[in-house]
Amino acid sequence: VNNVSYSGNDQMLASASTDQTVRIWDVASGKEKKVLRGHQAPVIGVYFSQDDNSSLVASASFDHTVKLWDINTGAEIKTLRGHKQPVNNVAYSYDGTLLASCSDDKTIMIWTTDLEKKEPVMTLTGHDAPVLTVLFSFDSKLLASSDQDGVIKIWSMPSGECIRTIKAHDELIQDVSFAEDNKHLVSASLDKTVKLWEVETGFNIMKFDAGVEIWSVDLTSDLSQIIIGCADSTVRLLTRKGDQ
């Protein structure tokens, strides 16, 4: 299982797997509701549309495509083609208007959520290495991306202008997460560190060396705690003390 995503109402969970499927789970019971089949290679990223009433989920695969699914019927709604190499991640904007995907081809593609359109709205270039993650801020005004060289880029949306480049880590960045205030971003890397950043300036507020590769990261809305998932099978809760 490579990735998971909660639905906007937190009642369902989608999982993406190397077995080429997306599976939909009922959170309360833990029961499998749907198996979505159609990708021809491992599914690496999955993301629910964050509208509380939405039934759409997007998936990203090493087969170079992004697919949109209706979880109520299990039907594939459309396939987005444009990336020339494996697609590593996908994310909806919280206002429900855009979808972002990133790829080994070093690009980020922005797609409209209009189900009638299949061509990308724009292609963002500037990364010099495979792009591994994309994530919209909660106000949908920013997009963060990170790559295999340890670089984070911040893009203004919907214009697509790159407003900040941060050489954040010495190894690939496995995960990033915005704080609720849209002003802070946390990143986790195979260089064994997790770092907290001020988005507007690129200033590094906090650094923690876990002593082990970090695969996933999240943080509480008030920035007081950071949660990391590590390669040694542990989940760790970090409590910030000042700016240490």
Fill in the blank from the handout: By ring-ring contact (aromatic ring centres under 6.0 Å, His included), Tyr94 pairs with (sequence neighbours left out) Phe138
Exercise for the section: Using the test salt bridge (Lys or Arg N to Asp or Glu O under 4.0 Å), find all partners of Asp232 that sit at least two apart in sequence or belong to another chain. Expected result: Arg236
Practice task
Might you confirm whether atom NZ of Lys84 has over 12 heavy atoms from other residues, nucleotides or ligands at distances under 6.0 Å?
Solution key: no
Exercise for the section: List for me each residue that meets ring-ring contact (aromatic ring centres under 6.0 Å, His included) alongside Tyr6, sequence neighbours excluded, and say none if there are none. Expected result: none
Problem - For Gly74 against Leu36, the heavy-atom pair lying closest together - result: CA-CD2, 3.5 Å
Practice task
Give the minimum heavy-atom separation between Ser187 and Trp197, together with the two atoms involved.
Solution key: OG-NE1, 2.9 Å
Handout entry: Test item: Asp104 side-chain N/O and Pro130 main-chain N/O as donor-acceptor pair under 3.5 Å
Key = no
Exercise for the section: State, without any angle test, whether Asn89 and Thr133 hold a side-chain donor-acceptor pair at a distance under 3.5 Å. Expected result: no
Handout entry: Set of salt bridge (Lys or Arg N to Asp or Glu O under 4.0 Å) partners for Asp149, sequence neighbours left out
Key = none
Fill in the blank from the handout: Heavy-atom nearest pair, Leu185 first then Val176, reads CD1-CB, 4.3 Å
Practice task
Identify whether Ile227 and Phe208 are in the same connected component of the hydrophobic contact network (ILVMFWY, side-chain heavy atoms under 4.5 Å).
Solution key: no
Problem - Over 12 non-hydrogen atoms of neighbours within 6.0 angstrom of NZ in Lys31 - result: no
Handout entry: Distance-only side-chain donor-acceptor flag, Asp105 / Thr107, under 3.5 Å
Key = yes
Exercise for the section: Please check if atom CD in Gln85 has more than 12 non-hydrogen atoms from other residues, nucleotides or ligands closer than 6.0 Å. Expected result: yes
Exercise for the section: Quick one: closest heavy-atom pair of Trp69 and Gly38, and the distance? Expected result: CH2-N, 3.9 Å
Exercise for the section: Could you label the plane-to-plane angle of the Trp155 and His127 rings as parallel, tilted or perpendicular, counting under 30° as parallel and over 60° as perpendicular? Expected result: tilted
Exercise for the section: Going by the side-chain contact (heavy atoms from CB on, under 4.5 Å) test, name the single residue among Leu238, Val217, Asp175, Ile205 that passes it with Val186. Expected result: Val217
Practice task
For Ser101 and Val90, indicate whether the former's side chain and the latter's backbone hold a donor-acceptor pair under 3.5 Å.
Solution key: no
Fill in the blank from the handout: CD1 of Ile110 to CG of Leu99, rounded to nearest 0.5 Å, is 8.0 Å
Problem - Whether over 12 other heavy atoms sit under 6.0 Å from Glu180 CD - result: no
Exercise for the section: Answer yes or no: is there a donor N or O on one side and an acceptor on the other, between the side chain of Ser103 and the main chain of His83, under 3.5 Å? Expected result: no
Completion exercise
In terms of heavy-atom contacts, Thr113 and Tyr92 come closest through CG2-CE2, 3.7 Å
Practice task
Answer yes if the side chains of Asn2 and Thr18 hold a donor-acceptor pair under 3.5 Å, and no otherwise.
Solution key: yes
Exercise for the section: Measure the NZ-CD distance between Lys183 and Glu200 for me, rounded to the nearest 0.5 Å. Expected result: 8.0 Å
Exercise for the section: State, to 0.1 Å, how close Asp170 and Asp191 come at their nearest heavy-atom pair, and which atoms those are. Expected result: N-OD2, 3.0 Å
Practice task
Look only at the side chain of Lys78 and the backbone of Lys117, and say whether a donor-acceptor pair between them is shorter than 3.5 Å.
Solution key: yes
Completion exercise
Residue pairs meeting ring-ring contact (aromatic ring centres under 6.0 Å, His included), one or both in residues 9-47, sequence neighbours left out, come to none
Handout entry: Check: Asn182 main-chain N/O paired with Ser137 side-chain donor or acceptor under 3.5 Å
Key = no
Exercise for the section: Supply the atom-to-atom distance Thr193 OG1 to Met206 CE, rounded to the nearest 0.5 angstrom. Expected result: 9.0 Å
Handout entry: Main-chain N/O of Asn72 paired to Lys34 side chain as donor or acceptor, under 3.5 Å
Key = yes
Practice task
May I ask you to decide if Val131's main-chain N or O and Asn88's side chain share a donor-acceptor pair within less than 3.5 Å?
Solution key: yes
Fill in the blank from the handout: Residues at least two apart in sequence or cross-chain that pass salt bridge (Lys or Arg N to Asp or Glu O under 4.0 Å) with Glu198, listed by chain then number, are none
Practice task
May I ask you to check whether over 12 heavy atoms, not counting those of Asp209, lie within 6.0 Å of atom CG?
Solution key: yes
Practice task
Check whether any side-chain heavy atom of Val199 lies under 4.5 Å from a side-chain heavy atom of Arg164, and answer yes or no.
Solution key: no
Problem - Distance-only side-chain donor-acceptor flag, Asp63 / Ser61, under 3.5 Å - result: yes
